[in-house]
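Structure first, then comments.
Everything quoted here is computed from the prediction, not taken from an experiment.
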Amino acid sequence: MAPKVTRPQVAAVTILSVLALAAGVGLAAQFGDLSMSARDMQAQGGQNMAGMNMDGNAASGAMSGMARGGGSPSGSAGNQSMPGMNMGTSTSSPTPTPVSQLPDTPLQTPTKMGNLVMPPGMIMTKGMPMEAMQDMAAVDLSQVRYTAPAAARGDQPLAPQVVNGVKVFNFETSVIRWNILPNVQVAAYAVNRQVPGPRLELTQGDRVRINVKNNLPESTTIHWHGLIVPNGMDGAADVTQKPIAPGETFTYEFTVHQAGTYFYHSHKNPDRQQGLGLYGALLVKPRNAANEPKADLDYTLQLQEWLQRDGYTFPAMIMEGALPNFFTINGKAYPATDTIRMKVGQTVKLRFIGSNNNFVHPMHVHGGPFEVVARDGETLKESARFLADTVNVGPGQRYDVIWTAREKGTWLVHCHIPHHITNDNVEVEGGGGLTMLIQVS
């Protein structure tokens, strides 16, 4: 149907519309105020706007006042609550919410996902694969086959059998209960029912054979960290060997070509298995004893992090809900750690081993500097040795240092991250976690 409007009529309506719009804008600018500040909104009743909360001097603080206001949870009393952002009364002196108006802290507990027990606070989404949840779940307490005495110590030397000139060691992996403190017990993955596993003391040039019987509820391997071995003996699961299935045995055999401080650990799901205790020291003396830096005493420190909540033990990891709350040296937290006893003038070689999975631990010794004589199993040339009082021991790293007892008294060896020298966030007898004593008489 053809329109009955003529071109002159359309032009007239257009001109009148433009004139009316211009008149409206001009009158508003002349007699009205088009600006609206946060203060104006507050004075007019503080209308809520989704996603933003503005009160007091909010206009001058822009976005810098996020999560800072002084209002009550309901948004009354002059601070209108708006989801997503809170712009406080002042950027320099925010008014805190009265304690009586603060909500109670929600208590977190372990949760379950099918038959798995998950750590409190862990974020799980629909996309998280079951394999990942199995890796982060608590140790299945029904799989525990042994409870170690509360006073049991890990890192005990393991004597070999010598067969046709080969030093033969037998390892058995299993799930045990292990005391990291007299009143704190964890469920651990252990070698020969101890945490850390037994210490292997070898000499450069030794031919060794290690039979590993796996009694864990999952497959595993053992990796000889830092050692030069045949590729098939390296212990990298699904890369250099088929993992050792539950109930099966695998034999590692190689010649030890190096000397120094090394260690062994699981290389199948190591974030879980190594973090639950499946590791141990491997110390190799040089063929020529003159090549080794000398000290009167020798002590090995294997570092680890643990997560224990409500009787369940989870592998500690750097992620939500999985951060550790206990820390150990050789499987014990201070004050249950060992004490080194020395006399003035004596020296001790401290072998720091980064058997820890997640954190760098700056290990510090009171009472004067030590000399760093070896790193990652390699003895430093005398010209390369240096004095320090703290070394950052990262996962997998090793440092050999020699400390001299200069003065009588009790001296501390400890991690210099304060949280790591607490037990479940609490100091006990001046420390906790990664702390031990040197008593000098």
Side-chain angles (χ1 to χ4, degrees), residues 51 63 66-69 73 81 83-86 97 102-141 143 175 178 180-181 184-189 195 217-218 265-279 303-328 333 354-362 392-397 415-427 432-434:
M63 300 298 181
M66 284 182 64
R68 180 157 27 93
S81 181
M85 184 170 291
N86 181 2
T97 301
L102 292 173
D104 291 335
T105 298
L107 297 179
Q108 301 283 346
T109 64
T111 58
K112 66 184 180 70
M113 178 67 70
N115 293 326
L116 300 177
V117 178
M118 306 307 295
M122 176 164 285
I123 296 174
M124 287 173 285
T125 64
K126 292 180 180 178
M128 182 176 288
M130 180 57 69
E131 185 180 8
M133 289 190 282
Q134 290 172 337
D135 206 32
M136 298 178 290
V139 176
D140 183 353
L141 298 179
Q143 298 293 329
V175 183
W178 180 262
I180 59 176
L181 287 164
V184 178
Q185 194 175 76
V186 296
Y189 283 19
V195 179
E218 59 200 76
H265 61 82
S266 165
H267 217 289
K268 171 65 175 174
N269 297 333
D271 54 345
R272 178 176 181 81
Q273 296 186 7
Q274 185 180 342
L276 291 172
L278 208 61
Y279 59 88
L303 315 177
Q304 193 53 274
E305 306 106 9
W306 297 84
L307 175 59
Q308 194 263 28
R309 297 286 188 195
D310 293 350
Y312 290 100
T313 304
F314 306 87
M317 302 178 187
I318 303 179
M319 62 180 300
E320 298 90 346
L323 293 174
N325 60 338
F326 289 97
F327 304 85
T328 57
S355 48
N356 44 293
N357 263 12
N358 291 277
F359 296 89
V360 174
H361 294 297
N392 288 328
V393 184
Q397 289 188 307
C415 177
H416 219 280
I417 296 176
H419 175 59
H420 298 176
I421 55 173
T422 64
N423 298 328
D424 202 13
N425 304 311
V426 177
E427 278 195 8
L434 298 176

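- Gln274 contributes a side-chain N or O that, together with a main-chain N or O of Ser355, makes up a donor-acceptor pair within less than 3.5 Å.
- For the 3.5 Å distance criterion, the side chains of Gln143 and Tyr189 fail to qualify, holding no donor opposite an acceptor.
- For the pair Asn423 (side chain) and Gly432 (backbone), a donor-acceptor distance under 3.5 Å is absent.
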* Apply side chain to side chain contact (heavy atoms under 4.5 Å, CB included) to the pair Phe359 and Ile318, showing each step before the final yes or no. => CA-CA 8 Å; Phe359 296 89; Ile318 303 179; 4.0 Å; yes

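- Between Met124 and Thr111, the closest side-chain pair of non-hydrogen atoms falls below 4.5 Å.
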Show the atom names and distances, to 0.1 Å, of all donor-acceptor pairs under 3.5 Å that link a side chain in residues 126-141 to residues at least two apart or in another chain.
unit_1 : atom_1 : unit_2 : atom_2 : d
Asp140 : OD1    : Ser142 : N      : 3.0
Asp140 : OD1    : Ser142 : OG     : 2.7
Asp140 : OD2    : Ser142 : OG     : 3.1

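- Among pairs with a residue in residues 102-121, none fulfils salt bridge (charged side-chain N to carboxylate O under 4.0 Å, His left out), at least two apart in sequence or across chains.
- Side-chain contact annotation: Thr328 with Trp306, donor-acceptor N/O pair under 3.5 Å present.
- Note that CG of Asp424 is 5.0 Å distant from CZ of Arg309, once rounded to the nearest 0.5 Å.
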* To do: Go through the steps for Phe326 and Leu307 under the test side chain to side chain contact (heavy atoms under 4.5 Å, CB included), then give the verdict.
  => CA-CA 6 Å; Phe326 289 97; Leu307 175 59; over 6 Å; no

* Can you check side chain to side chain contact (heavy atoms under 4.5 Å, CB included) on Tyr279 and Gln273, steps first, answer last? -> CA-CA 9 Å; Tyr279 59 88; Gln273 296 186 7; over 6 Å; no

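- Using a 3.5 Å distance cut-off with no hydrogens or angles, the side chains of Glu305 and His361 do pair a donor with an acceptor.
- The side-chain contact (heavy atoms from CB on, under 4.5 Å) search around Pro315 returns Arg272, Leu276, Met317, not counting sequence neighbours.
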* Verdict with supporting geometry, His416 and Ile421, side chain to side chain contact (heavy atoms under 4.5 Å, CB included) -> CA-CA 8 Å; His416 219 280; Ile421 55 173; over 6 Å; no

